[in-house]
Amino acid sequence: MKKYTYSFFVLFIFTTTAMAQVAVGGVQSVEGTSTILDFNNTPTNTNGIILSAVSSAPTSFTSSNNGTFLFDRADSKVKMFENNTWVDLTDTGSSTSITVNTSSESSEPQGVIIGSNTSNATGVLVLESSNKALILPRIADPHLNVQKPYPGMICYDTVSKTLAAFDGINWSYWK
């Protein structure tokens, strides 16, 4: 019996890493074959992704980090690293409701990588794929339906069909 359990576990790990797709939040399967990370996208969903809240946006990033999102506590803005520079996605908001993590960071240079064994990018969560993408959590009218949004929350607004980012005060929408 142990032999079969062990074989099933090895097969499960191989299948999971071979597909390199992850479902989060009660999702039983990933939507489509071009998805690397998928969330609970039921019509009543009000949970988005909370970006890392850093004390200030790193200045030593390289092109490997293009596409990085974060909440910069120094100016209370959601930002994206693109073409080797930080682009503001929101106006100045508020970081007063952020609970700062005071625990020691891991000495590991890399966070979790999904889609590859290695990456040149650095981050808490790195999605590394040449043919799969992230599907953001989908929320209808997040400015109306998310009761207590957290600074740095992002999602896809199914009504306006835009990326929605919360800066601690207001929602900003990007087409």
Side-chain angles (χ1 to χ4, degrees), residues 13 16-25 30 34-40 47-139 142-143 146 148-157 161-175:
I13 294 298
T16 303
T17 56
M19 291 186 345
Q21 295 178 299
V22 178
V24 179
V30 175
S34 298
T35 306
I36 193 168
L37 184 59
D38 197 0
F39 295 88
N40 179 358
N47 297 316
I49 295 175
I50 306 297
L51 300 172
S52 294
V54 300
S55 54
S56 64
T59 57
S60 60
F61 271 16
T62 65
S63 61
S64 296
N65 281 85
N66 284 334
T68 298
F69 290 84
L70 56 74
F71 183 84
D72 188 341
R73 291 190 339 250
D75 58 7
S76 297
K77 294 180 179 180
V78 174
K79 296 181 178 182
M80 177 183 69
F81 195 70
E82 178 181 54
N83 297 325
N84 300 324
T85 190
W86 288 103
V87 177
D88 295 342
L89 296 181
T90 64
D91 293 330
T92 300
S94 173
S95 60
T96 57
S97 65
I98 290 179
T99 304
V100 178
N101 181 359
T102 57
S103 62
S104 300
E105 287 194 27
S106 168
S107 60
E108 296 292 320
Q110 199 69 41
V112 175
I113 302 170
I114 298 175
S116 178
N117 291 329
T118 62
S119 176
N120 291 328
T122 56
V124 175
L125 175 63
V126 176
L127 306 178
E128 190 72 49
S129 177
S130 61
N131 62 356
K132 291 181 176 56
L134 162 72
I135 295 181
L136 289 174
R138 293 176 225 150
I139 302 175
H143 62 285
V146 178
K148 294 181 181 179
Y150 197 79
M153 180 178 171
I154 63 171
C155 62
Y156 178 77
D157 181 2
K161 300 188 182 334
T162 57
L163 169 81
F166 186 69
D167 64 17
I169 297 174
N170 296 304
W171 286 94
S172 294
Y173 296 86
W174 287 80
K175 281 210 182 246

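Bear in mind that the values here come from a model prediction, so they are computed numbers and not experimental data.
With sequence neighbours excluded, the residues satisfying ring-ring contact (aromatic ring centres under 6.0 Å, His included) with Phe61 are Phe81, Trp86.
Under the 3.5 Å distance criterion, with hydrogens and angles disregarded, a donor-acceptor pair is assigned to the side chains of Ser129 and Asn131. When only modelled atom types and interatomic distance are considered, Ser119 and Glu128 share a side-chain donor-acceptor pair under 3.5 Å.
Counting only distance, with no hydrogens or angles, the side chain of Asp72 and the backbone of Ala57 share a donor-acceptor pair below 3.5 Å. Counting only distance, with no hydrogens or angles, the side chain of Asn65 and the backbone of Thr122 share a donor-acceptor pair below 3.5 Å. Between the side chain of Ser56 and the main chain of Ala74, no donor-acceptor pair closer than 3.5 Å is present.
Nearest heavy atom pair, residue Ile154 against residue Leu136, reads CD1-CD2, 3.9 Å.
With a 4.5 Å cut-off on side-chain heavy atoms, Pro151 and Ser97 count as touching. Side-chain contact between Cys155 and Val146 is absent, with no heavy-atom pair separated by less than 4.5 Å.
Residue pairs meeting the side chain to side chain donor-acceptor pair (under 3.5 Å) criterion with at least one partner in residues 164-173, sequence neighbours excluded, are His143-Tyr173.
In this structure, NZ in Lys79 is found 13.5 Å from OG1 in Thr68, a value given to the nearest 0.5 Å. In this structure, Thr118 OG1 and Ile113 CD1 are separated by 6.5 Å, a value rounded to the nearest 0.5 Å. Rounding to the nearest 0.5 Å places CG of Asn84 at 9.0 Å from OG of Ser64.
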Test side-chain contact (heavy atoms from CB on, under 4.5 Å) on Ile98 and Phe71; report intermediate values, then the result.
CA-CA 10 Å; Ile98 290 179; Phe71 183 84; 3.4 Å; yes
Please step through side-chain contact (heavy atoms from CB on, under 4.5 Å) for the pair Met80 and Leu163, ending with a clear verdict.
CA-CA 12 Å; Met80 177 183 69; Leu163 169 81; over 6 Å; no
Set out, in order, the CA-CA distance, both residues' side-chain angles and the distance that settles side-chain contact (heavy atoms from CB on, under 4.5 Å) for Leu89 and Phe69, then state yes or no.
CA-CA 9 Å; Leu89 296 181; Phe69 290 84; 3.5 Å; yes
